[in-house]
Every structure is written in C-alpha cells, then in structure tokens.
Undergrad: 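The structure is given below, and queries will be raised subsequently.
The sequence lines fix the lettering, A, B, ..., with proteins before strands; numbering per chain opens at 1.
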Amino acid sequence: MAFIDYYKILGVDKSATKSDIKKAYRKLARKHHPDLNPNDKEAELQFKKVNEANEVLSNDENRKKYDKYGENWQHGEAYDQAQKQQDQQQHYQRSSRPQDFGDGEYSDFFESMFGGGFGNRSGNTKFRGQDFNAQLQLNLKDVYTTEKRVLTVNGKNIRLTVPAGITNGQIIKIKGKGGEGRNGGPNGDLLIEFNISNNTDFKRDGSNLYKTVNLDVYKSVLGGDVILDTFDGKVKLTIKPLTQNGTQVKLKGKGFPIYKKEGQFGDLVITYNIELPKKLSDKEKELFEELAKLQ
Amino acid sequence: MQNTHLIPIPSLCTHYQVEMSFFTGLNEYGLIEFISVEKTYCIHQDKIADVEKMIRLHQDLQLNYEGIDAVFNLLEKIDDLKSELITAQNKLKRFEDG
C-alpha cells in the first residue's frame, strides 16, 4: 500500500489555502467527472483520486493529521490505533488488492489512515449502479439472421437476441444488467458494443451490399450468365452483350437485412470489372488483329 | 402512457434526498417534463438515468440549471458525432482493400 500525495493530485503545494484547494478540486472534478467522460475508466479513476484528495485536504482536522504523519503515516498513532481495531483477515483481504484504488470509493491508504469514508459526497442517497460495457465480436454472416446468444459478463450468463442487420459499432443496452445500485438504488445497464468483422467478398454500407464481379472479355462482349453466391443462396446474373467496364447493376432486396424491420432487405450492387487476357496464343492474336482491321 | 411507468416527484425527493425545488427548477428549465397525475407531479421512469446524472452534476460540480443544460446538449452532440463517425468508418471500409 503506497503513500498517496494528495497535494500532488490536486496540483497545489503544501502551503495552499482552503480556497486554493477548493479551486483546484473544482477544476479537476469538472475535468474528470465520469458523467462528462462517459466510458472513460481513466477519468473515473482520476475523479476518485481528486475526490479523495479533496476530502482529506479540505477538512482541517484530516489535513492536519495527513500533514503530521505524511509519508511516515504507517508509523503514526492513528495508523497504530486503526491497526489494532482491524480484523486481521479483513486487513489481509484489503492489502491483497492489486491497486491502491479498486472498485471502492476510497483507496486502501485512505481507509487505513482515516477509516471508512466521511462526508461522502453521495451520503446515503440511493444511486443507480454503474453501467457496464462489453464488446461482442461477430462475423458479417452471423448478423445476416437474428440469433440468440448467451454472454457471460462478470460471471453471470445473459441471454441476448442479436437482431439481424445490426451494424458495426452499434450498441445494445440491456436494462438492469450492469453494476449493483448504491445504497439500495437500481442496477445499472449493460451496454454491448458490436464489432462486426467482414471476411466475405461483399462490402457493406448500412443495409446495402456491394460486390465486384470479374468478367472475361468474351462474356463482356458477347453476353452470358454468371452464377453468384450470396448470403441466401445462388443468384444468376444475366450479362448483356457489350457490357462496359465499371457497369453497375442493382439487385433489389438482395442486400443485407434492415435492422429491426423483419423481411426487409437492402440492395445488392454489382460492379462489373472486365479482365483482359494476360497472354494470347498465336491464333488468338491473329484473330484479334483481324478484328482490329474491321474497325 | 401507463401510470405504472410514472414516478411521483415526492418519492424521488425522498429517494435521492433532494429538495422539491431542485426538480421544479429542472422542469422550469425544460430539462425534465412533469406529468400531472391526480394532482401529483411525476416523471417517466425512462428519464431516471438522466435525472440521476443531473443530480450528480449539481451536487458534485455545483452546476446550475444552465450548466446542466449545456452539459446535456454537448453530451448529445458527442453521441451524434460518435454515431456519424461509426457510420463514416463503416462506409470507408467499402473502399478499403480495393
């Protein structure tokens, strides 16, 4: 358990007045407040530190005690008294936590020196629990249909229906599955962010899918059929004679499902890419030369 | 709107240990919307998370109603920009790797 320099946390020196401390605290609290920095764990930790520093330094009695023992707090009388009163097992559990600031409101250093919290900013007010954030990695094919999944978050199994057509980066909120409320308040929510990786040949933009189909020169000139694999089976594309490079065709309703609109789909846009032969046989070259003479 | 989804303001005052005048102020500044049911002011339960945020901003940062309003507007803008950014990044993927 390390000594915590509260003056350093607030960015003031030891001779700072109460007014200096209040000013520094308010400035840093505004900067790091969790409501102003949503989903920012670092800001939350900083806010706890700033809050704790303020609780010690803005209180004359505690500031005096803190200044008196300073870095030698472990040998101070307050610490000795607190030590005697503490249950050995409880102490072991506390000091075995990996960080000075855990999930609690105060650091181990603070609790050892001053006991539990005092003048707690929240008092006994009931507050909603913290929102939990989780990420779910899925493939594009997984979100083509609505699927039921079971997630394990903090040891709890949570059943979740992933609606077809969900987009990359989209967040689904599950009410009441977050952190427990403070002082009997309601639980927070679980926010699941979807990371959808695409390992298919299709590009997706919303509910539309895009694909480039390569055509050889003969099919582009003479026309013909191409069979294309899509998410819901094979589709026959009819290539018109003299199809130009870059021609786009739109297959209505063959795209991706529209989120939460059952049975509705976007479009599939096909772009034709004409591939010229990389090698010609003597006979082919001869025929092309004949064609060229006709122009 | 079902009445079971409405929470009486006096209950919120007890629950959060906040003066009635605070909620009246939020209503007057348009930050929350009172719904009157049998002469009792209520708010919809979906607004509780926002109300809690407003209480924290007021108690932790001493923000007044104008400050809370400004913070909410800016957070809303951040949310909109984040959504736009995700949409733009998803669109960009169409043109990546050929």
Undergrad: For residues 162-177 of chain A, which side-chain N or O atoms pair as donor and acceptor with protein atoms under 3.5 Å away, sequence neighbours left out?
TA:
| from | atom 1 | to | atom 2 | distance (Å) |
| --- | --- | --- | --- | --- |
| A/T167 | OG1 | A/Q170 | OE1 | 3.0 |
| A/N168 | OD1 | A/I196 | N | 2.9 |
| A/N168 | ND2 | B/N90 | OD1 | 3.1 |
| A/Q170 | OE1 | A/T167 | N | 3.0 |
| A/Q170 | NE2 | A/Y259 | OH | 3.3 |
| A/K175 | NZ | B/D46 | OD1 | 3.3 |

Undergrad: Could you pull out all residues at least two apart from A/K278 that satisfy salt bridge (Lys or Arg N to Asp or Glu O under 4.0 Å)?
TA: none

Undergrad: Testing the basics here: between A/R26 and B/Q62, what is the closest heavy-atom pair and its distance to 0.1 Å?
TA: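 Heavy atoms of A/R26 and B/Q62 come nearest at NE-OE1, 3.1 Å.
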
Undergrad: Spell out the residues in residues 23-31 of chain B that have some non-hydrogen atom less than 4.5 Å away from a non-hydrogen atom of chain A, in order of number; otherwise answer 'none'.
TA: none

Undergrad: Decide if atom NZ of B/K47 counts as having more than 12 heavy atoms of other residues, nucleotides or ligands within a radius under 6.0 Å.
TA: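 No - once you tally the heavy atoms of other residues, nucleotides and ligands closer than 6.0 Å, there are 12 at most.
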
Undergrad: For the candidates A/L36, A/D205, A/D189, A/D131, which exhibits the highest count of non-hydrogen atom pairs separated by less than 4.5 Å from chain B?
TA: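 Looking at each of A/L36, A/D205, A/D189, A/D131 in turn, A/D205 comes out on top.
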
Undergrad: Quick check for you: to the nearest 0.5 Å, what is the distance between B/L92 atom CG and A/K203 atom NZ?
TA: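 Nearest 0.5 Å value for the CG-NZ distance: 10.0 Å.
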
Undergrad: Are any non-hydrogen side-chain atoms of B/K93 and A/N198 less than 4.5 angstrom apart?
TA: no

Undergrad: How close do B/R56 and A/H33 get, heavy atom to heavy atom, and via which atoms?
TA: O-NE2, 4.1 Å

Undergrad: If you draw a 6.0 Å radius around CZ in A/F265, do more than 12 non-hydrogen atoms from other residues or ligands fall strictly inside?
TA: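 Enclosed.
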
Undergrad: Mark yes when over 12 heavy atoms from residues, nucleotides or ligands other than A/D40 sit less than 6.0 Å from its CG; otherwise mark no.
TA: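 Yes.
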
Undergrad: Suppose a student defines contact as a heavy atom less than 4.5 Å from any heavy atom of chain A. Which residues in residues 70-79 of chain B would they list?
TA: B/V71, B/L75

Undergrad: Which distance, rounded to the nearest 0.5 Å, do you find between the CG of B/L61 and the CZ of A/F47?
TA: 6.0 Å

Undergrad: If you count the non-hydrogen atoms of other residues, nucleotides and ligands that lie under 6.0 Å from CD in B/E19, is the total more than 12?
TA: no

